Each structure stands twice: as structure tokens, then as C-alpha cells.
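Order of the sequence lines sets the chain letters (A, B, ...), proteins ahead of strands, with each chain counted from 1. The structure presented is a predicted model; accordingly, all values stated were derived computationally and were not measured. We use all heavy atoms of the structure for the numbers below, so side chains are in, but hydrogens, waters and symmetry mates are not.
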Amino acid sequence: MPDHDMEKAYDPKQHEDKTYQRWEESGYFNPDNLPGDRVEPYAIMMPPPNVTGVLHLGHALENTIMDIEARYQRMLGKRAMIVPGTDHSAVATQARVEDNLRKAGMENPRQELGREGLLEKIREYAEDSKSTILSQIRKMGTSADWSRLAYTFDEERSRIVNEVFVKMYNDGLVYRGYRVVNWSIAGQSTASDDELEYSERTTKLYTFKYSADFPIPIATVLPETKLGDTAVAVHPSDERYAEYIGQTFTVNVGAAKPLQIHVIADDNVDPAYGTGALGVTPAHSASDFELYEKNPQIGLIQIVGKDGLMTDEAGADYAGMPYKEAREKFVEWLRSNNLMISEEDITHNVSLSDRFKDEIWPMPMEQWFVSVTKEIPGRGKSLKALMREAVTTGLNGDTTKKVTITPDRFEKIYLQWIDNLRDWCISRQIWWGHRIPIWTRGEETYCGVSAPEGDNWEQDSDTLDTWFSSGMWTFSTLGWPNNSDFATYHPSAWMQMGHEILRLWMARMIMFSAYAVEDVPFHDVYIHGILRDKDGRKFSKSSGNGIDPLDVIAEYGTDALRMSLIKGIAPGNDSRFYEDKVADARNFVNKLWNISRFVTMQEAQTTKEASLADRWIESRVAQLITEVSSDLDSYQFSQASEKLYDFVWHEYADWYIEMSKVSELGSRGQKDILEVLLRMLHPFMPFVTEVLAEKIGLSETSELLMVAEWPKADPAAIDKELDKRMVTIQELISGVRSLRKEYQVKPGETLKVLGEGFSKDEQLIMSRLARIEFASSIDYKKSASAVSGEDKIILPLDDVIDVEAERTRIQNEIARLEKYLSSVAIKLSNEGFVSNAPPEVLEQTKQLQMQRSAELEHLKSALESLT
RNA sequence: GGGCGGUUAGCUCAGUUGGUUAGAGCGCUUGCUCGACACGCAAGAGGUCACAAGUUCGAAUCUUGUAUCGCCCACCA
């Protein structure tokens, strides 16, 4: 039953929670419960938010995009499913909790609480944050299947992590290696290359000689590391230093241990940069370590320890000293011994740990790595090759096993990253995370999903990089390998994510899936931009510009927030958050509410014959359905939302409903059309549309709008001639309105115009909307009757439209088309073109030719009717 | 150093294979309380689409170059 007691303005608070509850109770978030014969699965795995706190507006954007896609696919009749979940986010969460504990007065949480004690604190925090996050996701209207809720650190996911690890271990892809890794002193843990951020700093570049008798000067920004130098590298063709290549010098560096400096040659040294020679510190530089691997005879000396203090290797005077002090001391020594050649300020990038924010120290140590270049047994290719294949040819050249990236420019970025990919350091020395499933007992090593039988086995104390588990998200959430969900829903259909985690996450999902499942993790991935604040800054805790989505929702409603986030953005481009935009979207929601209110107040006129207005709106709606569907099919969410917005407001409300107020015209299909619009708007603004659908009463079924069918366009309704005619009428009305102004006709007065060439309905519309009357002939002289004595001004329509201008326009158009057609005729008579052009291009050209010819004919007749 | 993106109305931004007079929201001006909506209605002002050259019957859109802003990666002696 239609509800005639609607409030004047829509109040989201009264409806949103109730509506979400209705959805949940229906069970339709779970695709197994969806009505109808649905066969095609359509799974979307929610990018699991970190359990490090609360969600921000960026998550709101993600949820909106994801939910639009899911709701659209559900309405298309697929078994649409969003699998929700959260990520334990190893380092990030531990760092956050340790930070909180320190703020609360604990000096060294790890020491004071111990492994289990600290883990307990982190677990508490994570659970707390998890429940906040899940309720926020509900608030955003996300149609997630809560029965499949997952967590990267729950039992099932942990089992799968271990299984994949074991598989990789047995395949020799996971290995223990000694090499330089990124070490965070503050975090007391390694970090992968992708967990670094860069900060530009001004530092001193020191140019010096190790000793007075050492022939080659070198430069550095980290003088204390020079106490660990074992070589100087020069370019092989550098004549200045050629004579020294191959020699070894023993240099005395004051209080430190004497250094054995080998002079080596390497092509990577740029002879034009600095002194043209490079002091090689194998222990504290990843690139120097590579030189060491090529020239192992030079040796390696670690002079800074994990604690940031100088080691014994640095010499008795330096041992135990914080590296910053050591720097001062060594620089002072160089100065006082006249070895310092120059000191200049330069700006350079410093690597920081993205979680602990301290400067990264490259250090050599034993860690676990995943080899990306080693051939996988039985597969004949490396992980790197698989990662490349998955987005180019499809795995093993199978195009059904291919990931399509939208917008496609991100494919290039991805491939570029793959090319530079190095082995991935996966072990972390923090405690919060999946413990490495390796046990040792004396000389024995065991790798397995669970602990080995027997006593005295000791498990590796390290944990896995958090991306090791999130990289398996698409199949771990489905219970790989034996769950029926996995068989049904993997590969997932579609995935969305921000471009900032393209490498961190997308690449890893592709890698793990290609390796473990031998398939892609998803068929399509949509990359969206980052949401920034109104000044273009990233939202972050440190800038203090965070906005709680719940505050926005409380003020404007979820639908308004969703619409504002999606509208007016381009795929892949960053966007900014403006409250004005939300207010605008709120106005739109309210407009829709009032349109519905108006429609429910009308009496049903279903039997009435279609009026001009009806035929026109049906034509326009058919076109709208086609366009919006095609936009959504190509993930043009913003464009689709804008088309709907414009249509609802400026065509349906401002024009169709206004026309319907001309009582003689009536309106046959107001409610039907509104329902079609509600369906199309539902993915974008699920709450208000669901509420309104209930108010106006769904025509076909009593089910929720959420599971209603996506409208289909009726091609027969499309009447482009009628559309054009309407545009002309709108222009005429607008012309009449300005004439009223020009002749200063008072609002109550009627303007009389010559109505030749217009149908009765058309005249009706114009007479009402522009308040004019139509005369059948001109019975006046224009100049004399501009202002008549009878409250009426009579004008020929020629005055309303500028006939001369119109004629010129049409003539130009005709000329343009004729020119075009002649060029096409030449093209089509060219045998080279006809025989070489791809058939579809040829076909397209011919079609265009026909289309344009028809247009030309049309214009010619229009010109005639004007004259 | 390599790559990617931006430069369109006062502001914030759309503009998918080249095609009528380049759009929206906000802001601004004027007028409206005429059967839903002032979170509204109507009218209006405002743009050499960063610049230059080229391709084309036709360029905001394609090509080349320049300027400028931003992001990512590499380097960081």
C-alpha cells in the first residue's frame, strides 16, 4: 500500500539501521539464499581493513565502490557475494599497541610483558578494533555476507598460510639466506622493500680519504659506516684509478681497527659522479652487498648492531657507541687529521620504516626469503614469470586465467615493478603474526603445517610478513583447497583497491594464487584513487585531518556520503573530500524523496493512453538504462551516478513531472518510471531507494528492492526524433520566456504566439509551461502590438527562434556532412583501404556513411521547412 | 635518471573509440512561496579546454615538443 504520510524531508536516521536490519534478516547477503534460479557466481573479497583502529573515509570510498558493484551484479541475477574480513596487519598493529603502552608509561613493552603478555594485549586491542570496524562497515550499507566473515589470523586462515608456506618450502622457493636486509632499530625487525617510505632530508656529504697515503678520495653521507668498508670500487675504464685496480691497501683509521681496502672495478660506478670512486660497505648497503657477492674476496664487516650501537668490529674506541656519536667522532678525527677534503649540504632520500618511522639500517643477517626467480619444480617457470603471465597472456597462455586491470595504465606500473622485483624477505622479528612453521631440534629441521611429534622441538621465533597472509585472501577466505565455496567462487569475479597497494597486495595475491591454486585470484581488478582532504593532503593520523565517516553519516546520511564519494571522480584518479559535495548529494536524496512523495499523491492513471510526455520519458529512460548499464559494465561508476543524478533531477522531475501537471496531458507511467529509477539508483543509494520502494509499493513482487531485477531497456521505446523534438520545444519555451522579459510582460499576462506546425499536445505543454496562447494566424503588426492594450502580446514564432541563425547553423551542418561524406566516399572507393582495413573498421565506416547520409537528408528537409 | 598522472568556468571536478553551440556541483546575479521539495523553482553571467606545431573535412580528445604541478620507482658515493 502506498504510504501517503511521508515526511516533508527525508531523515536517514529514521530509516537506515532499520533497513539494514531488514536486509540482514532477509538472508540475501548470503548468495546461497538468493531467490530465483541464479547460477553465475560473482564473488568479491573485501580488502580486509587493518585492525589498527577505526575506519576512515578512504574505507568508505572502498565500501561504496565495492557495494555498488555487488548490488548491481545481484540485481543482474548473479550469486553476488561480498566476503567481509579484517587483517591482523602484523607490524602495524604491534607497533600501535606498543606505542599505546609506551604512552601509558611502559618503557619497554616487549621486555616487561614478554611474548605471551604482549600478544595478549595486542589480541585485546585487535578484537576491540575489529568489532568497531565491522559495525562501521554495516553503517556504510555494505551488503556483505556476514556468515562468511574471515580474519587473516583466525584458525582457518592460519592453516592455509602454513600449508602454502610448507608447499613453497618443499619446492625450494622459501629459503634461509644471509644477506643485507632492511632493519628497523626502533621496531627491532626487518621490513620488506615495499614497507619503506622515503623522506627527503638535507645532510652533509663528506668527501675524504681514509688515510694520507690512500690514493683515492671517496664521499659519503654516512661516515660511521666507512669503518666497515672493505673495498673501493671504480669504473674499469677510469684512467685516474686504473693502476690501483686489484691492489689491496691497509689503512689506519685512527682509533678504529685498520681497514683492508681492495680496489675493485665495476661497470655500475659512475666515474662522473662525486670523486668517481665508491667506498664499498658490504654490511650496510644493499647495493654494496651485491658488489661483495660479485667480489667475495673483499669480505664484510658489520660495524653497527641490531641495537644501533657500534660493534666490536668497529674497534675498541667505538664499540658500544650509538652510531650518531660514532659519526661525530669519526668526522672529527678526519678533520683533525686533514683527511677531510670537503663537506657540503645535499638533499637526498632517506628510507624510513613505514610503521616505526625510524631510519632503516641495511644490515646483513639470516632471514627467510621467497625466491621470485627460481624455477618452480614441475612448472618450468618462476614466480616472477607467473606474475607477469597472469596480466599479459593469461597463465600458461590461457586467456580465461588472465587478470584485467582497470584503468589499464596500472598494468604498466605493475609490470615495471615485476621487472625490478627482488627476492622477498618474509621473516619478521615481531611477535604479532603467523609464526614461521619451522621447528628445529639440534641439527634436525622440520617444516610442517603443525608442530612435529616428539620432544625438544623448538619453533622458529620469527613471524611472517603480514602480506604473506593477505596475499592469499581470495582463496583463504574460501577455505582452500577442499571447501565447496572454493570450488564455486574462486577465482573471484572482481576486486577493487587503491593504487597505493597495487604492488604490496595485488601483486602478492596474483603470485600466491598463480602458485598455489594455479589460477588468477580475480578476473577483473578496478584500481581507484586515494581520497584526500579538501587541501589535497592524504588523510592520516599524523596530520590530524582524519574525518570519522560515522560523523558524516550522522549529519547527512549514508546514501549522501556514498553518492558524494562516487560522483565527479575519474577512475584511478585521486579525489578530494568536500562537505559541500555531501550536502549536494543529501539534497539529491531529498529530491528523490519528494519526487516519490509527489508520485504517491497522484492518482493512478494506468489505463490512460500514453501522452506525448509519456512517450518521451519512456524513450529517454530506455536510453538511460542502456547507458548506465554499459557504464557499470565498464566500471564507470562515477559516470553512471552522474547520469542518474541528472536524469532524475533535470529530466524526470523538472521536465516530465512538470509536464504532467498540465492536467490535460496527464501521465500514465509516473510510478513505473520512478520504480525503474529507484532500481537503478539502488546500488548507489541503497537505503533511501529501499525505503521508497516500500512506500510506493513494488509492482512486480513484494521482495526487497535489493533483489529486484535490474531494469532492461525496451529498444522499441527509443524514439530519437521525439527526443530532438522535445529539445526544440524546450528551447522554444526558453525563448518565449526571454521574450516575456524583453517585452516586459507581467507574470499574470498571457503571451500569444503563432502556433503553426505544432501538435495539440505540444501546444498544450508550451502554453502551460511558458504561459502562452497560440493563435492560428497573425492578425497584427508586430511593431504596433508589442505592447497591446489587452494584456496580450501576439508574436509569430519567428521571433521566438532566430530563424536566420538556425538557417545558418543548418547550412553549416549540411556543408560539414557533405564534406565528410565525400571523404568517406573516396575512402570506400580506395581499394587499398577496402582490402586492408579490418572488417569491423570497414563495416563501421559504411554504417557511419549511412547514418550520416540519413542525417543529411533530415537536415535538408529541416532547412526547407524553415524557408 | 625512469615511469605515470594533472593543467577545462571564481572554486572543486566530469568529459570511454575525434563529430552539432565544451558540461556538472558549489559560488555569483535576477526573479519566484503558482497542486512534492527553500535540502526548492525559473532565468542568467562566467571558459582563446596550459602553450606551440602537426595529422584531419573536423581536435579538449590523436601525434610531437615546451612549460608547470603532483605521485611512484630507482639512485642516494
Side-chain donor/acceptor of [X] to base of [N], under 3.5 Å:
X: A/Gln636; N: B/A14; answer: no
X: A/Arg586; N: B/C39; answer: yes
X: A/Lys643; N: B/A14; answer: no

Take atom [atom1] in [N] and the same atom in [M], then report the distance between them in whole Å.
N: B/U21; M: B/A67; atom1: C1'; result: 31 Å
N: B/G5; M: B/A14; atom1: P; result: 14 Å
N: B/C11; M: B/U16; atom1: P; result: 23 Å
N: B/U17; M: B/C62; atom1: C1'; result: 11 Å
N: B/C32; M: B/U8; atom1: C1'; result: 33 Å
N: B/C28; M: B/G10; atom1: P; result: 15 Å
N: B/U30; M: B/U66; atom1: P; result: 49 Å
N: B/G19; M: B/G1; atom1: C1'; result: 42 Å

Within the 4.0 Å heavy-atom criterion, would you say [X] contacts the bases, only the backbone, or no part of the nucleic acid?
X: A/Glu658; result: base
X: A/Tyr645; result: sugar-phosphate
X: A/Lys412; result: sugar-phosphate
X: A/His235; result: nothing

Any side-chain N or O of [X] below 4.0 angstrom from OP1/OP2 of [N]?
X: A/Lys591; N: B/C41; result: yes
X: A/Lys534; N: B/C11; result: no
X: A/Arg576; N: B/C13; result: yes
X: A/Trp649; N: B/G25; result: no
X: A/Asn590; N: B/G40; result: no

Name the residue closer to the 5' end of RNA chain B, choosing between A/Asp654 and A/Val589 according to the nucleotide with the nearest heavy atom.
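Per heavy-atom nearest nucleotide, the more 5' residue is A/Val589.
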For A/Tyr10 and for A/Asn594, locate the closest nucleotide of RNA chain B by heavy-atom distance; then report the residue assigned to the nucleotide nearer the 5' terminus.
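Its nearest nucleotide lies further toward 5', so the answer is A/Asn594.
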Applying side-chain contact (heavy atoms from CB on, under 4.5 Å), can you list everything that pairs with A/Pro282, at least two apart in sequence or on another chain?
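A/Pro282 satisfies side-chain contact (heavy atoms from CB on, under 4.5 Å) with A/Thr230, A/Val280, A/Tyr292, A/Ile298, A/Leu300 once adjacent residues are dropped.
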Taking side-chain contact (heavy atoms from CB on, under 4.5 Å) as the test, write out the residues that go with A/Asp574, two or more places apart.
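Checked A/Asp574 against side-chain contact (heavy atoms from CB on, under 4.5 Å); matches are A/His499, A/Ile530, A/Arg532.
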Could you work out, with ring-ring contact (aromatic ring centres under 6.0 Å, His included) as the rule, every residue matching A/Phe214, not counting sequence neighbours?
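Testing A/Phe214 for ring-ring contact (aromatic ring centres under 6.0 Å, His included), a comparison that skips the adjacent residues, returns A/Tyr210, A/Phe249.
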Centre-to-centre under 6.0 Å for A/Trp655 and A/His650, is that the case here?
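Here the rings of A/His650 and A/Trp655 have centres that are no less than 6.0 Å from each other.
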Can you confirm if the aromatic rings of A/Phe637 and A/Tyr526 lie within a centre distance of less than 6.0 Å?
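Ring-ring flag for A/Tyr526/A/Phe637: true, centres closer than 6.0 Å.
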Which residues pass the side chain to side chain donor-acceptor pair (under 3.5 Å) test with A/Asp723, sequence neighbours left out?
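A/Asp723 satisfies side chain to side chain donor-acceptor pair (under 3.5 Å) with A/Ser619, A/Gln623 once adjacent residues are dropped.
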[X] has an atom [atom1]; how far is it from atom [atom2] of [N], in whole Å?
X: A/Met563; N: B/G25; atom1: CE; atom2: C1'; answer: 12 Å
X: A/Phe577; N: B/U12; atom1: CZ; atom2: C1'; answer: 13 Å
X: A/Leu592; N: B/G40; atom1: CG; atom2: P; answer: 13 Å
X: A/Tyr556; N: B/C26; atom1: OH; atom2: C1'; answer: 13 Å
X: A/Asp580; N: B/C13; atom1: CG; atom2: C1'; answer: 13 Å
X: A/Ile418; N: B/G3; atom1: CD1; atom2: C1'; answer: 16 Å
X: A/Asn573; N: B/G70; atom1: CG; atom2: C1'; answer: 12 Å
X: A/Leu415; N: B/G3; atom1: CG; atom2: P; answer: 15 Å

Which nucleotide in the list [options] gets nearest to the side chain of [X]?
X: A/Gln639; options: B/G15, B/U12, B/C26; answer: B/G15
X: A/Tyr578; options: B/U16, B/A36, B/U12; answer: B/U12
X: A/Phe598; options: B/G6, B/C4, B/A36; answer: B/A36
X: A/Lys567; options: B/A24, B/G5, B/A38; answer: B/A24

Are A/Ser630 and A/Glu627 close enough that a side-chain donor and a side-chain acceptor fall under 3.5 Å?
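Looking only at side-chain atoms, A/Glu627 and A/Ser630 do not form any donor-acceptor pair under 3.5 Å.
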Between A/Lys226 and A/Thr281, is there a side-chain donor-acceptor contact under 3.5 Å, judged purely by atom types and distance?
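Result is yes, a qualifying pair exists.
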So, A/His284 side chain and A/Thr225 main chain: donor-acceptor pair closer than 3.5 Å or not?
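The answer is no, because no donor-acceptor pair under 3.5 Å joins these two groups.
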Check whether any side-chain N or O of A/Ser575 sits under 3.5 Å from a backbone N or O of A/Ile569 as a donor-acceptor pair, and report yes or no.
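It does not hold such a pair.
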Applying ring-ring contact (aromatic ring centres under 6.0 Å, His included) to A/His15 and A/Tyr10, what does each step give before you reach the verdict?
CA-CA 9 Å; A/His15 301 285; A/Tyr10 173 64; 5.4 Å; yes
Taking both distances under 3.5 Å as the test for a Watson-Crick or G-U pair, what stems of at least three pairs does RNA chain B have?
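Result, WC/G-U stems under 3.5 Å: B:1-7 with B:67-73, B:10-13 with B:23-26, B:28-32 with B:40-44, B:50-54 with B:62-66.
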Can you give one letter per nucleotide of nucleotides 71-77 of chain B, 5' to 3': B if a protein heavy atom sits under 4.0 Å from the base, S if only from the sugar-phosphate, - if neither?
-SSBBBB
Should A/Arg388 and A/Tyr414 count as side-chain neighbours, where that means a heavy-atom distance under 4.5 Å?
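Contact flag for A/Arg388/A/Tyr414 side chains = no.
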